[in-house]
Amino acid sequence: MTFYRVIQHHLEEFVRYFKWVLISRDEFERLKRVEADTLTDIQRAARFYYLQQMCFGGRMDDRPAFGYAAVRGPKLNLLRIEEQLSAAHLRLARTYIECLPYHEVIKRYDKSTTIFYIDPPYWDCENYYGKGKFSREDFNVLAELLGRIEGKFILSLNDKPEVRKLFSGFTFEEVEVPYTCSNGKNLKSPELLIRNFE
Ligand SMILES: C[S@@+](CC[C@H](N)C(=O)[O-])C[C@H]1O[C@@H](n2cnc3c(N)ncnc32)[C@H](O)[C@@H]1O
């Protein structure tokens with residue numbers, strides 16, 4: 001939200017920060033070492049954007065790693081910053097943004113006309129987005145909740161026997177998803193699309 005507020009109120013200064021900036025592993029590591037609370041909000045937003053765009057898989061956990069690829073240029077395009085931010089803004093302009101546990105969101109927005117796309121942490125990766133946010137037990141809660149909603153849902157998860165067992169009452173579709181966090185290597189991982197309609 002600091003990042004978004006800075007974009008809203010200080011866009012020119014934010015963009016100016018990137019003038020003559022280079023994409024380098026050394027700069028990435030230097031920015032990682034900077035203590036965020038020693039910076040102004042604008043500097044924090046610029047540091048966040050640089051690290052988030054340039055880290056492997058967009059993962060801003062406690063140890064982001066420099067993302068690079070032999071087959072394409074860096075994700076952070078210094079010549080297209082405003083364009084990229086503007087595209088994100090246009091996408092969000094007609095959207096409600098909630099900050100609630102998944103079961104609250106599902107209950108609030110469930111109507112016979114609703115279609116939910118549900119993209120939870122993968123099975124066996126429950127802690128990937130922070131400890132205590134989502135647990136193995138949450139898959140049971142989710143399955144039970146989805147069994148009694150009025151609307152439709154599409155849920156994407158990794159294709160595991162435990163997942164198939166837990167959601168066995170619903171329709172499955174197997175898909176192969178190119179795994180983008182693979183440094184340009186064309187890895188594919190099997191995924192399941194689970195839904196409550198044909
Ligand atoms: C696989 S990611 C979704 C990625 C998103 N669809 C995208 O394309 O950027 C799983 C998301 O679930 C969120 N999450 C984890 N536990 C949650 C909870 N208890 N309630 C709501 N969201 C949760 C995580 O913060 C994370 O953003």
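For the numbers below, each heavy atom of this structure counts, side chains included, while hydrogens, waters and symmetry mates do not. Both ligands and their constituent atoms are indexed starting at 1 by order of listing.
Note that Arg47 lies outside the cation-pi zone of Tyr50, set by a 6.0 Å cut-off to the ring centre and a 45° limit from the axis. Judged by a 6.0 Å distance limit and a 45° cone about the ring axis, Arg25 is positioned over the six-membered ring of Tyr68.
There is a protein heavy atom less than 4.0 angstrom from atom 19 (N) of ligand 1. There is a protein heavy atom closer than 4.0 angstrom to atom 10 (C) of ligand 1. For atom 25 (O) of ligand 1, a protein heavy-atom neighbour is present inside the 4.0 Å cut-off.
Backbone and side-chain nitrogen or oxygen atoms of Tyr117 are examined, and none is located within less than 3.5 angstrom of a nitrogen or oxygen of ligand 1. Ligand 1 has a nitrogen or oxygen under 3.5 angstrom from a nitrogen or oxygen of Tyr102.
When non-hydrogen atoms are compared, ligand 1 lies under 4.0 Å from the backbone of Leu100 (N, CA, C, O) but not from its side chain.
At a cut-off of 3.5 Å, with distance as the only test, no side-chain donor of Tyr17 or His10 sits close to an acceptor on the other residue.
Nearest to atom 2 (S) of ligand 1 among the protein's heavy atoms is Tyr129 OH, 3.2 Å. Considering only non-hydrogen protein atoms, atom 6 (N) of ligand 1 sits nearest to Asp119 OD2, 2.6 Å. Closest protein heavy atom to atom 14 (N) of ligand 1: Pro121 CD, 4.6 Å.
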(request) Report the C-alpha separation of Glu150 and Thr114 in whole Å, then their side-chain angles, then the decisive distance to 0.1 Å, and conclude whether the side-chain hydrogen bond (donor to acceptor under 3.5 Å, both in side chains) test is met. (result) CA-CA 8 Å; Glu150 278 190 61; Thr114 306; over 6 Å; no

(message) Could you walk me through whether Arg136 and Asp124 satisfy the salt bridge (Lys or Arg N to Asp or Glu O under 4.0 Å) test, starting with their C-alpha distance in whole Å, then the side-chain angles of each, then the deciding distance to 0.1 Å, before giving a yes or no?
(response) CA-CA 8 Å; Arg136 184 62 59 86; Asp124 264 347; 2.8 Å; yes

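Near Pro120, with a cut-off below 4.0 Å to any heavy atom, the atoms of ligand 1 are 1 (C), 10 (C).
Checked against the 6.0 Å centroid criterion, the rings of Phe3 and Tyr49 qualify as a close aromatic pair. Aromatic ring centres of Phe134 and Phe139 lie closer together than 6.0 Å.
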